[in-house]
2 protein chains.
Amino acid sequence: MSKQELVVIGQTDEAGACCPGLVSAPLGEDQAMELARLFKALGDPVRLRLLSMIASRAGGEVCVCDLTPAFDLSQPTISHHLKLLRQAGLIDCERRGTWVYYWALPATLDRLAAFLKTPQTAETTT
Amino acid sequence: MSKQELVVIGQTDEAGACCPGLVSAPLGEDQAMELARLFKALGDPVRLRLLSMIASRAGGEVCVCDLTPAFDLSQPTISHHLKLLRQAGLIDCERRGTWVYYWALPATLDRLAAFLKTPQTAETTT
DNA sequence: GGCTTGCATTGATATCCATCGATGCAACCT
DNA sequence: AGGTTGCATCGATGGATATCAATGCAAGCC
């Protein structure tokens, strides 16, 4: 039997607080749980479209009244998905008068992107 | 320059380039559905750890017999998660004699990373 | 105050999913 | 052939989740 041992390398958090990358070392349980929460928030087509509509908006902000009619879903359902995206730290919102405006939090997106990136392209970040 | 020399299998998209990025333009329904399937596969801590264990392995391959004992789960459950990762195009496997070996498909990971990456992070610390 | 609009919350429900034990199947080993 | 090991598949089940109608709540308007 080829019983090899998978030793979890010490999570060397160098220059990055949480996770040095999916490929660099096996994930610990805690990190996996936290990251899975983020990816789960992206694992729905409605939420992906919502996030994309918010993040790609030129002014950086979108009113909910501009998001809801783009879907064939009820208003509470859209509100529910926006809440999940907000709880995941992907977007944030603010009420301004009658309307509520949402904007994207690119730090979380970049963190996930860095986590997924395989280290085959050598580059130097500032 | 800096042309990618990797043959990206998953990008044989007849409708042109699949997804230029989450931030560049609102996602269509079809693209959102396909990408959500991928992110959903990553939205589980067990699958994230499995993928990390596979992708971080030096030789590039891991035997299932090395993966299963790392979890407090039954063998069918691990097999189920591996199947989902494989259906998502994140890993692939091959039977060699008695054992089955899994390896990562970095093209899919890079595609997701590129999709999440924001154009340029301009120090957004409000 | 009373009415309307925009959005969030609640409660209910149908569907999905992670997990398990049992079983099946392929390959190796006497 | 018979037995054993490694892994996948099946069927069942409890918990999570996406969705809706109804309702609540804040803000503007009459």
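Numbered from 1 within each chain, the chains take letters A, B, ... in sequence-line order. No experiment lies behind these values; they were computed from the predicted model shown.
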What's the spacing between B/I91 CD1 and B/W103 CH2 if we round to 0.5 Å?
10.0 Å
Nearest whole Å is fine: how far is D/dG24 P from A/R95 CZ?
17 Å
Rounded off to whole Å, could you give me the NZ-to-P distance for the B/K83 and C/dA18 pair?
13 Å
In this structure, how many angstroms lie between the P atom of D/dC7 and the CD1 atom of B/I91, rounded?
13 Å
I need the CZ-C1' distance between B/F39 and D/dT17, as an integer number of Å.
19 Å
Tell me whether the rings of A/F39 and B/F39 are parallel (<30°), tilted (30 to 60°) or perpendicular (>60°).
parallel
Counting just side-chain N and O atoms, does B/H81 come under 4.0 Å of either OP1 or OP2 of C/dT19?
yes
Just wondering, more than 12 heavy atoms not from B/E29 lying within 6.0 Å of its CD?
no
5' priority, DNA chain D, between A/R96 and A/D44 [closest heavy atom]:
A/D44
The residue, A/C63 or B/L73, whose nearest nucleotide of DNA chain C is more 5′ is A/C63
Less than 6.0 angstrom from the centroid, inside 45 degrees of the normal: does B/R49 satisfy that with respect to the ring of B/F71?
yes
For C/dA8, does OP1 or OP2 lie under 4.0 Å from any side-chain N or O of A/Y102?
yes
Please state whether the phosphate of D/dA27, meaning OP1 or OP2, lies under 4.0 angstrom from any side-chain nitrogen or oxygen of A/T98.
no
Could you please name the option among C/dT19, D/dC7, C/dC7 that lies closest to any side-chain atom of B/V46?
C/dT19
Figure out the CD1/C1' separation between B/I78 and D/dG6, and round it to whole Å.
14 Å
Here the distance between atom P of D/dT5 and atom CD of B/Q75, to the nearest Å, is 14 Å
Answer yes or no: is there a donor N or O on one side and an acceptor on the other, between the side chain of A/D110 and the main chain of B/T118, under 3.5 Å?
yes
Checking all strands, does A/L84 fall into the base, sugar-phosphate, or nothing category for heavy-atom contacts under 4.0 angstrom?
sugar-phosphate
Of A/G97 and A/D72, whose closest DNA chain D nucleotide lies nearer the 5' terminus?
A/D72
Per B/H80 side chain, nearest of listed nucleotides D/dA18, C/dT9, C/dA18:
C/dA18
Can you tell me if the side-chain N/O atoms of A/K40 get under 4.0 Å from OP1 or OP2 in D/dT17?
yes
Can a side chain N or O of A/T77 be found less than 4.0 Å away from OP1 or OP2 on D/dC20?
yes
Is the backbone of B/A88 close enough, under 3.5 Å, to the side chain of B/R86 for a donor and an acceptor to pair up by distance?
no
Closest to the B/V64 side chain: D/dA27, D/dA8, C/dA27?
D/dA8
Quick one: A/L82 CG to C/dA8 P, roughly how many Å, whole number?
6 Å
side-chain N/O B/R47 vs C/dA18 OP1/OP2, d < 4.0 Å
yes
Round to a whole Å and report the spacing from OH of B/Y101 to C1' of C/dA26.
15 Å
